[in-house]
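Written out below as structure tokens is the structure these notes cover.
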Amino acid sequence: MNTQTPESAGIVDPSAVLDERFKDAISSVLPDLPREQIQTHITPSRQPKFGDFQSNCAMPLAKRFQMQPRELAAKIASAIDVSGIAEPIDESSIAGPGFINITLLPSAISDALGTLDTPELGIIAPDAPPTVVVDLCGVNLAKQMHVGHLRSTVIGDAIARLYERLGYKVVRQSHVGDWGLPIAMVVQKLIEMEADGLDLNLVTLSQLNGMYKKAQAQCKPETRAVQILEKVGGHPKAMAELELRIENASEHLERAKARLVALQSGDEESVRVWQRIYDITMGACLHTCQRLHANVTDEHSAGESTYRDELGSVVQDLIDRNIAEEDDGALIVKCDGIKEPTIIRKRDGGYLYATTDMAAIRRRVQKLGGDILVYCVDSRQSLHFKQVFAAAHKAGYTATSDGHSANLVHAMFGSVMGEDGKPLKSRSGENLNLSDLLDEAVSRAAATLSERNPDIGGDERHQIAESIAMAAVKYADLSIERIKDYVFSFDRMLAFEGDTGPYLLYALVRIRSIFRKAEESGIDTSGIESAPFDLRDPAEKALALKLLRYPGTVEGAGLNHEPNRLCAFAYELASSFSSFFDQCPVLKNDDDALRRSRLRLCQLTGRVLEDALHTLGIPTVERM
RNA sequence: GCCCCCGUAGCUCAGCUGGAUAGAGCACCGGACUUCUAAUCCGACGGUCGCAGGUUCGAAUCCUGCCGGGGGUGCCA
């Protein structure tokens, strides 16, 4: 009953076949219309009563050729040959203003599922895969990761994984903030503390973070306070105290500036301390990335410091070719359509982050071979990237080796908000530390787990809780539209019910449980991957149709840099499976052929769900 | 001032290149566990898609204006 007919063998996506058949039909009805101009507008139907797919081609075509839409639809219906793929299409298939409803043949769905059921799950890599450089994570030296880094890391990694899944060549780049005055302040501070007996080998990132803040405070003159005091008339003692602090601040600042010069010129002691700061910071941050199941490692780190020898040549190059011009002592690049010029060198001769980003674009295109550059960075940087992208285009830094221009994308994202609607902060008003936040998610997950499933204990319980927590946090972050601010809520993301990471893991756990159970009961599952499909129940048909949308969804999510599309798919798939699980007995089924069909459907669903989760960077568990 | 982003059910969010009666989850109400993990399933309730125009067979989606919220805006990153 499931023999693949020659004409339907090899169908991955039925809508692709329907697309061809509709093009044939439309060509015969409208011979003057060039085939490559035909748009068949085939989409999955929203409601089962409208069939499985529909074509909305008749309305726009009728308009173009000044015909009645329903009349044209009728002509297409009588001309089309859907043999081997769908139920015959006739007048009764036409609905509303001219929708043509299509119901697939059961055999066509089965065949398509069979074609999907391969190691690559219907996703075919391009012959000549382009290179994508993904900018993500972007931690700063001497600072702990906070919620701001969560999104860049999680979304950036998901975008990278999507491209990898599509077969593109992916290069991750973490633009580490490891250069400049703030770092020099910490270096200076650390050198002073070391002189007082501090052992650098025992310093933690948390301590560095404190020093960073302290150093910044020490270098920040409180001139504003003096102005106010002068205005309202302050106590002489307070004035004296403040003036002393300003004096101290400028001393601290001078020492920091001197330290920066020393560091930049390669002074041995400065570099030694800087390296220690680097190691401490990256050790902790990369560990957090690992915990998040984000593929960000040492080899992906491309700190600002690595560009230090390129900044001068970039600036000189822009001057030589008259791309940049001097303005009020600064060096700027003007770009059409952007009012604000891009400043690439300050009046005092110093370089800015735009300069570094110009060098980074040049390296990423010309050295790393990037055809697409994706920046997964906060939306507040949108003007900056607009400027830098335009300046890089103007300078020709986006020219690829094959003569094309690289595509530069700012995959921006919104802020993480607290449940009060304000940016998420700790009780004391500081940025929320990311590893603390993850710890809390884990302990909440562990509490729920021991309540739901007390049988799981010890080490396994901890590991499962860790995975559930990461799945919850990451799914919450990935499943909403990137650009929007989102409200962070432990209660919602770890909820017992609903559209959450745990729900997806649970669906997978149930699938795995079926196979464990089958083994326990001695049910033979060997060769299940070639069992014929029998999709007699509406729930299994719905599940099958959902599965067929996987390759297209991954492509759409990847090329548009929108992981939330794949999240939505994963949720819908898990949901379809849950309905199926509820309505279609698998193991407790007397019909051996049907049981094998359903086992294969479970297996395929499990593979697709697992693949989707892996592509999103969400860990899975065996049981929960 | 100028520029960018957002505004969909009480709450949190979907809605792919304009397509049928705008969909989920939470909350609330009613059902389903001697049955493959009920962190589940099924049903009910719930919306002037910020407002007003425009484009057209058709607009949450595209265009213009306005209102509300957020962000950015020449020498920090």
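Within every chain, numbering begins at 1; the chains are lettered A, B, ... in the order of the sequence lines, protein sequences first and strands thereafter. Keep in mind that this is a model prediction, so the values were computed, not measured.
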When you compare [N] with [M], how far apart are their [atom1] atoms, in angstrom units rounded to a whole number?
{"N": "B/G50", "M": "B/C67", "atom1": "C1'", "answer": "7 Å"}
{"N": "B/A59", "M": "B/G54", "atom1": "P", "answer": "12 Å"}
{"N": "B/A9", "M": "B/A44", "atom1": "C1'", "answer": "15 Å"}
{"N": "B/C4", "M": "B/A20", "atom1": "P", "answer": "31 Å"}
{"N": "B/U55", "M": "B/C16", "atom1": "P", "answer": "24 Å"}
{"N": "B/U21", "M": "B/G58", "atom1": "P", "answer": "13 Å"}
{"N": "B/U64", "M": "B/A27", "atom1": "C1'", "answer": "39 Å"}
{"N": "B/A77", "M": "B/G10", "atom1": "C1'", "answer": "41 Å"}

Check the phosphate of B/A20 against A/Asn101, side-chain N and O only, distance under 4.0 Å to OP1 or OP2. Yes or no?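 Indeed not, no polar side-chain atom of A/Asn101 lies that close.
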OP1 or OP2 of B/G74 versus the side-chain N and O atoms of A/Lys346: is any pair under 4.0 Å?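 It does not, given that no N or O in the side chain of A/Lys346 lies less than 4.0 Å from OP1 or OP2 of B/G74.
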Quick one: [X] [atom1] to [N] [atom2], roughly how many Å, whole number?
{"X": "A/Asn564", "N": "B/C13", "atom1": "CG", "atom2": "C1'", "answer": "10 Å"}
{"X": "A/Tyr550", "N": "B/C16", "atom1": "OH", "atom2": "C1'", "answer": "17 Å"}
{"X": "A/Glu572", "N": "B/G25", "atom1": "CD", "atom2": "P", "answer": "11 Å"}
{"X": "A/Arg380", "N": "B/C3", "atom1": "CZ", "atom2": "C1'", "answer": "17 Å"}
{"X": "A/Leu260", "N": "B/A77", "atom1": "CG", "atom2": "C1'", "answer": "14 Å"}
{"X": "A/Tyr475", "N": "B/G25", "atom1": "OH", "atom2": "P", "answer": "12 Å"}
{"X": "A/Glu325", "N": "B/C75", "atom1": "CD", "atom2": "P", "answer": "17 Å"}
{"X": "A/Arg623", "N": "B/C36", "atom1": "CZ", "atom2": "P", "answer": "16 Å"}

With nearest nucleotide decided by heavy atoms, which residue, A/Val509 or A/Arg347, maps closer to the 5′ end of RNA chain B?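 Upstream on the strand: A/Val509.
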If you assign each of A/Phe515 and A/Pro423 to its closest nucleotide in RNA chain B, which residue comes earlier from the 5' end?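 The residue whose closest nucleotide sits nearer the 5' end is A/Phe515.
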Side chain of [X] only, heavy atoms from C-beta on: which candidate in [options] is closest?
{"X": "A/Tyr503", "options": "B/C16, B/U40, B/U37", "result": "B/U40"}
{"X": "A/Ile343", "options": "B/U73, B/U40, B/C75", "result": "B/C75"}
{"X": "A/Ile514", "options": "B/C36, B/A27, B/U73", "result": "B/C36"}
{"X": "A/Ser578", "options": "B/G72, B/G19, B/U40", "result": "B/U40"}
{"X": "A/Pro60", "options": "B/G19, B/U40, B/C57", "result": "B/G19"}
{"X": "A/Ala568", "options": "B/C26, B/A20, B/A14", "result": "B/A14"}
{"X": "A/Lys63", "options": "B/C36, B/G1, B/C57", "result": "B/C57"}
{"X": "A/Pro341", "options": "B/A22, B/G74, B/C36", "result": "B/G74"}
{"X": "A/Thr43", "options": "B/G19, B/U17, B/C2", "result": "B/U17"}
{"X": "A/Asn453", "options": "B/U37, B/G74, B/C75", "result": "B/U37"}

Would you name the heavy atoms of A/Asp485 and A/Ile480 that are closest together and state the gap between them?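 Closest heavy-atom pair between A/Asp485 and A/Ile480: O-CD1, 4.1 Å.
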Check this for me, if you would: do [X] and [Y] make a salt bridge, where the nitrogen-to-carboxylate-oxygen distance has to be below 4.0 angstrom?
{"X": "A/Lys23", "Y": "A/Asp19", "value": "yes"}
{"X": "A/Arg444", "Y": "A/Asp491", "value": "yes"}
{"X": "A/Asp592", "Y": "A/Arg595", "value": "yes"}
{"X": "A/Glu460", "Y": "A/Arg623", "value": "yes"}

Pair partner, [N] [Watson-Crick or wobble, under 3.5 Å]:
{"N": "B/G18", "result": "none"}
{"N": "B/G43", "result": "B/C29"}
{"N": "B/C66", "result": "B/G50"}
{"N": "B/G58", "result": "none"}
{"N": "B/A24", "result": "B/U12"}

For [X], which contact category applies under a 4.0 Å heavy-atom criterion: base, sugar-phosphate, or nothing?
{"X": "A/Leu505", "value": "nothing"}
{"X": "A/Ser513", "value": "base"}
{"X": "A/Ile332", "value": "base"}
{"X": "A/Leu331", "value": "nothing"}
{"X": "A/Glu562", "value": "nothing"}
{"X": "A/Asn140", "value": "nothing"}
{"X": "A/Ala95", "value": "base"}

Taking only heavy atoms on the protein side, list every residue of residues 47-55 of chain A lying under 4.0 Å from any atom of RNA chain B, sorted numerically.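 When residues 47-55 of chain A is checked for heavy atoms under 4.0 Å from RNA chain B, the hits, listed by number, are A/Lys49, A/Phe50, A/Gln54.
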Between N or O atoms, less than 3.5 Å apart, protein on one side and nucleotides 4-7 of chain B on the other: list the pairs.
residue	atom	partner	partner atom	Å
B/G7	OP1	A/Lys484	NZ	3.2

Please confirm whether the ring centroid of [X] lies under 6.0 Å from the ring centroid of [Y].
{"X": "A/Phe580", "Y": "A/Phe577", "answer": "yes"}
{"X": "A/His384", "Y": "A/Tyr353", "answer": "yes"}
{"X": "A/Phe488", "Y": "A/Phe490", "answer": "yes"}
{"X": "A/Phe389", "Y": "A/Tyr375", "answer": "yes"}

If you define the side chain from C-beta out and look only at heavy atoms, does anything of [X] sit under 4.5 Å from [Y]?
{"X": "A/Arg46", "Y": "A/Gln54", "answer": "no"}
{"X": "A/Thr342", "Y": "A/Met358", "answer": "no"}
{"X": "A/Ile183", "Y": "A/Tyr278", "answer": "no"}

At a cut-off of 3.5 Å, list every protein nitrogen or oxygen paired with a nitrogen or oxygen from nucleotides 9-12 of chain B, distance to 0.1 Å.
residue	atom	partner	partner atom	Å
B/U12	O2'	A/Arg492	NH2	3.4

Does A/Asp328 make a side-chain donor-acceptor contact with the base of B/G74, cut-off 3.5 Å?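 Flag unset: no donor-acceptor pair detected.
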